[in-house]
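Take a look at the structure below.
Here is the naming used below: chain letters follow the sequence lines, and residue numbers restart at 1 for every chain.
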Amino acid sequence: MDMARHLITSAIPYINGIKHLGNLVGSQLPSDLFARYMRARGHEVMFICATDEHGTPAELAAAKAGKPVEDYCREMHETQAEIARGFRLSFDHFGRSSSDRNTVLTQYFARVLGEQGLIEEKSEKLFYSVDDGRFLPDRYIEGTCPNCGYEKARGDQCENCTKQLDPTDLINPRSAVSGSTNLELRETKHLFLRQKTLREDIRTWIKSKADWPVLTTSIALKWLDDGDGLQDRGITRDLYWGVPAQFEGAPWTGMEGKVFYVWFDAPIEYIGATAEWADANGLDDSAWQRWWRTDKGAEDVTYTEFMGKDNVPFHTLSFPATLIGVNRAGGEQWKMVDYIKSFNYLNYDGGQFSTSQGRGVFMDQALSILPADYWRWWLLSHAPESSDSEFTWENFQTSVNKDLADVLGNFVSRITKFCRSKFGEALPEGGSWGEREDALIAELSTRLAAYESFMEAKEVRKAATELRAIWVAGNEYLQSVGPWTVFKTDPAQAAAQTRLALNLMRLYAILSEPFIPDAAGLILAALKTEDRSWPTDIRAALTHLPAGHAFETPEVLFRKIADEEREEWQKRFSGVRS
RNA sequence: GGCUAGGUAGCUCAGCUGGUUAGAGCACGUGACUCAUAAUCACGGGGUCGGGGGUUCGAGUCCCCCCCUCGCCA
C-alpha cells in the first residue's frame, strides 16, 4: 500500500467537567481507532484533539468552583488529558482552544473574512447588569419561566419545561452572576458571519461529498434549507473569557470587551492545536502548515473528522463557511475536511447520559472500575452508527466476558499453557502443515481483507465483528486439530500446530491493537517480539516466529466480570454523580 | 406541529442499486473435547421483517396512509 498522509481530528470536548462514555464513543474513541489503524498500516498520521475552553459554561463552572477561569481551565485540561491517556487515546497533540496559537489564528481568520465583506456589524438590545458592570448573554441571565412558572429558568432555555426562551421573555430577570435585578436593556454591537452569502458554495461542497454518512449530510442539508435557510450567525459575545474580538489590524472598531463566540474559535483550534504540536516539538511553522495549507504541501492530505451528531452543523456549515470565505480571498489556502464520520447518541440504561445531571458513567469512574481495553472494546463494538444505542450493565458484562475473556483471552491462555506443559516455553520444532492449515489461511486471508476494508471505511461495528470472527477462527482451528490428542501419537505434528497457534497469537495482537492496545502490548511482550508490522501475507505471518523462539506464559489477559460486581456497579451508578 | 433517523428471532444488531428455503453474536437446547479464564467447538429450536394498502413475474428491500421510539428545530 502506498504511504498516505492522514489528518484526523476528534471533536473537542468542552472544558466544564469530565466527560461521560457517550462523549467518548462519539468522537475521541473512534478517531483513535482510525488513527491507530492508519499508523499500523504505515501511513503518516496527524491525530489532533483539544479542550474547548471558551464561553459562558466555562465561566460559570469556574465560578462554581471558586476559581479564576484561567486556573479552572488549566486544571481541567490536565484532568481531561490524564483521563485521555488512561483510555490510551493516541493524540499527537491534545491542545487548548485558549492557546496563543488559536487566538492568533482566530483573529487572522476573522480579519480576512472582514476584509472580504463576509462579516457584518449589527446592533441589538441585550440585558446589561449595572451592578455586575457587564452584559448578560445566554445562560448568564435567570428568571421565572413564562411558560411553566419555574423560577430558575435560564435565558436560553427553561430546564424545567425545556421551552426555548429569549432572555427578554423571562419574568423578573436577574443576573446569574450576582443575583442582581438591577438590569436594563442596552444597545450593543456584534459581528455576524454572513453565511447566507456562502450558502450555494456550501451546498455545492456538501453535494460533492456523496460518500458521507447520511447522518452527516441529512443534518447539513436540513440546516442549509430548513425554514428560511441558513442564517447569518453572531460570532461575538459580551464575555470576558475568549478570543478578543478587537485586535490590531481588525477591520472594525468598537468591539472592545467582546470576544469571539466559542463556536467560531473552537474548530479553528484543530489548526491551532497542530501548531501547538509543532511548538511543543521544537518544529517551525512549515511542520504544521504542511497539514493544513494546501498551498504549502497539504494538497495530498486526507482529512477525516469524527464527531457526535450534535456537532455536525458546525462542522458542515459554520467552519466550512469560515474556510471557504478565507480561501476565496485568494491568499493562504486552507485544507477542508474530506470525510465527516458522525455518530448517534449512546443512551444509559433506559435514559440519556447527562453531564449536567450527572447521569451515567463518567470517564474517570469507568477507568476506576476496569482497564481501558474493556471499555474500548464494548464501546467500539457497540458504537451508535446507524441509530442511537444503549449501554446496559448486563450487555457490557456479557460482551466483555464472552468476546475478550472467553474468545480472545482464553485462546492466548490455552495455547501458551498447553505449549508450556508439553514442550516448554519456546516454539516447538517439527511437523508440517496440511489441509486444515491451508483452510485456516484461506479463511483468515478473506477475513483480513474484510477487516481492512471496514477499517478504511470507518465502519466501526462491522470491523469489530470481523475482528471477533478472526479470533474465533483460532479457537476453531485448535478445536478441529486437537494438538492435545495429536501429541499422544505424533508429538512433531502437535508441535507444528502449536507453533502455528502461537504465531496466530502474535497476529491477533497486531490486528487487535487499534481496539485493545494494552492487551496487544501484553501479548507481544509475552511473545518477546517487537515486530508489529501489518501482515500482508497470512502464511508468512504464521511462520514469523521460528521454532526455538522463547516466550513467557502471560497472566490472564482479561478477567471476567462477576454477577455481584455488575450488580454493585449497576446500583452505584444508578443515581446522580455526587 | 415540521424535519432526520429508526421500528427485522427473547436481547443487541447485519441485510448494497428489489430475486433461490431472511442472517450474525448473545441467551436457550443437544452433542463433542478436556489444552484453557466451568473456557472452546459442532449441531439445533426460534422471526407472518411495526400495521394496512399498492407497484411488480417477484418486496424486509420501491410508492402511499397509519402507529410507535429517538433526536433536532419551532
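- When the ring-ring contact (aromatic ring centres under 6.0 Å, His included) test is applied to A:F306, the partners found at least two apart in sequence or on another chain are A:F34.
- Using a cutoff of 4.0 Å between basic side-chain nitrogens and carboxylate oxygens, A:R539 and A:D438 are scored as salt-bridged.
- A salt bridge is defined here as a Lys NZ or Arg NE, NH1 or NH2 lying under 4.0 Å from an Asp or Glu carboxylate O, and A:R88 with A:D32 fails to meet this definition.
- The side-chain heavy atoms of A:F411 and A:V407, taken from C-beta on, include no pair separated by under 4.5 Å.
- Residues A:S480 and A:K417 both approach RNA chain B. Their nearest nucleotides, taken by heavy-atom distance, put A:K417 toward the 5′ side.
- Under the side-chain contact (heavy atoms from CB on, under 4.5 Å) criterion, A:A439 pairs with A:R436, not counting sequence neighbours.
- The side chain of A:W484 lies closest to B:C35, out of B:C35, B:U37, B:A39.
- Of the listed nucleotides (B:A36, B:U40, B:C35), B:C35 has the atom at the smallest distance from the side chain of A:F418.
- Heavy-atom distances under 4.0 Å link RNA chain B to no residue of residues 502-516 of chain A.
- Ion pair A:R461/A:E385 not flagged as a salt bridge, since none of the NZ, NE, NH1 or NH2 atoms sits closer than 4.0 Å to an Asp/Glu carboxylate oxygen.
- A straight line from OH of A:Y345 to C1' of B:U4 spans 12 Å, rounded to a whole angstrom.
- Residues from residues 424-434 of chain A lying near RNA chain B, meaning a heavy-atom separation below 4.0 Å, are absent.
- Partners of A:A562 according to the side-chain contact (heavy atoms from CB on, under 4.5 Å) rule, which considers only residues two or more places apart in sequence or in another chain, are A:E564, A:E565.
- Among the duplex regions that RNA chain B forms, those built from at least three successive Watson-Crick or G-U pairs under 3.5 Å are B:1-3 with B:71-73, B:5-7 with B:67-69, B:10-13 with B:23-26, B:28-32 with B:40-44, B:50-54 with B:62-66, ordered by first number.
- Rounded to whole Å, the C1' atom of B:G6 lies 22 Å from the corresponding atom of B:A74.
- In this structure, the CD1 atom of A:I561 is 19 Å from the P atom of B:U37, given to the nearest Å.
- With rounding to whole Å, A:F391 atom CZ is found 20 Å from B:C70 atom P.
- Nucleic acid contact for A:G409: base, since at least one base atom lies under 4.0 Å from a heavy atom of the residue.
- Side chain to side chain, A:S399 and A:D403 fail the donor-acceptor criterion of an N or O pair below 3.5 Å.
- Inter-residue side-chain proximity for A:W375 and A:L24 is flagged as unmet; no heavy-atom pair is nearer than 4.5 Å.
- The side-chain contact (heavy atoms from CB on, under 4.5 Å) check on A:E568 picks up A:R572, with sequence neighbours excluded.
- Applying the 4.0 Å criterion to OP1 and OP2 of B:A39, one finds that A:K560 has a side-chain N or O inside that range.
- Rounding to whole angstrom units, NZ of residue A:K309 and P of B:U4 are separated by 14 Å.
- Nucleotides B:C26 and B:C41, compared at atom P, are 8 Å apart to the nearest Å.
- Applying the ring-ring contact (aromatic ring centres under 6.0 Å, His included) test to residues at least two apart or on different chains, the pairs with a partner in residues 547-571 of chain A are A:Y374-A:F558, A:W393-A:W569.
- Spacing of P atoms, B:A59 relative to B:C68, comes out at 28 Å, to the nearest Å.
- For A:Y14 and A:H54, the gap between ring centers reaches or exceeds 6.0 Å.
- Distance, A:L557 CG to B:A39 P: 17 Å, rounded to whole Å.
- Atom C1' of B:C28 sits at a distance of 40 Å from the matching atom of B:C65, rounded to the whole Å.
- Taking atom C1' in both B:U8 and B:C13, one finds a spacing of 9 Å when rounded to whole Å.
- Sorted by first then second residue, the salt bridge (Lys or Arg N to Asp or Glu O under 4.0 Å) pairs that include residues 474-499 of chain A, not counting sequence neighbours, number zero.
- Atom C1' of nucleotide B:U4 and atom CG of A:D310 are separated by 14 Å, given to the nearest angstrom.
- Separating the C1' atom of B:A24 from that of B:U37 is a span of 25 Å, rounded to the nearest Å.
- Within the 4.0 angstrom heavy-atom criterion, no nucleotide atom of any strand lies near A:V412.
- Nearer the 5' end of RNA chain B, as judged by each residue's closest nucleotide, is the contact made by A:L404, out of A:L404 and A:V472.
- We find that A:E466 and A:K462 are not joined by a salt bridge, their nearest charged nitrogen and carboxylate oxygen being 4.0 Å or further apart.
- Using a 4.5 Å cut-off on side-chain heavy atoms (C-beta onward), A:L185 and A:L126 make no contact.
- One finds no salt bridge joining A:E305 and A:K341 here, because no Lys/Arg side-chain nitrogen approaches an Asp/Glu carboxylate oxygen to under 4.0 Å.
- In this structure a side-chain-to-backbone donor-acceptor pair under 3.5 Å is missing from A:T529 to A:A525.
- At whole-Å resolution of the value, CG in A:N410 and C1' in B:U37 are 6 Å apart.
- Taking the side chain of A:E476 as heavy atoms from C-beta on, and the options B:C33, B:A36, B:A42, the nearest nucleotide is B:A42.
- The interatomic distance linking A:I415 (CD1) with B:A36 (P) rounds to 11 Å, in whole Å.
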Give me the distances for all protein-to-nucleotides 5-14 of chain B N/O pairs that come in under 3.5 Å?
| unit_1 | atom_1 | unit_2 | atom_2 | d |
| --- | --- | --- | --- | --- |
| B:A5 | O2' | A:S386 | O | 3.3 |
| B:A14 | OP1 | A:S386 | OG | 2.1 |

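- Heavy atoms of A:F558 sit under 4.0 angstrom from at least one base atom.
- As rounded to the nearest Å, B:C16 and B:U12 have C1' atoms that lie 22 Å from one another.
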List every contact pair, protein side and nucleotides 24-31 of chain B side both N or O, where the distance is under 3.5 Å.
| unit_1 | atom_1 | unit_2 | atom_2 | d |
| --- | --- | --- | --- | --- |
| B:G25 | O3' | A:R468 | NH2 | 3.4 |

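- Checked by distance alone, A:D406 brings no side-chain donor or acceptor within 3.5 Å of a matching partner on the base of B:A39.
- Residues forming a side-chain contact (heavy atoms from CB on, under 4.5 Å) with A:K309 (at least two apart in sequence, or on another chain): A:L215, A:I219, A:N344, A:Y345, A:D388.
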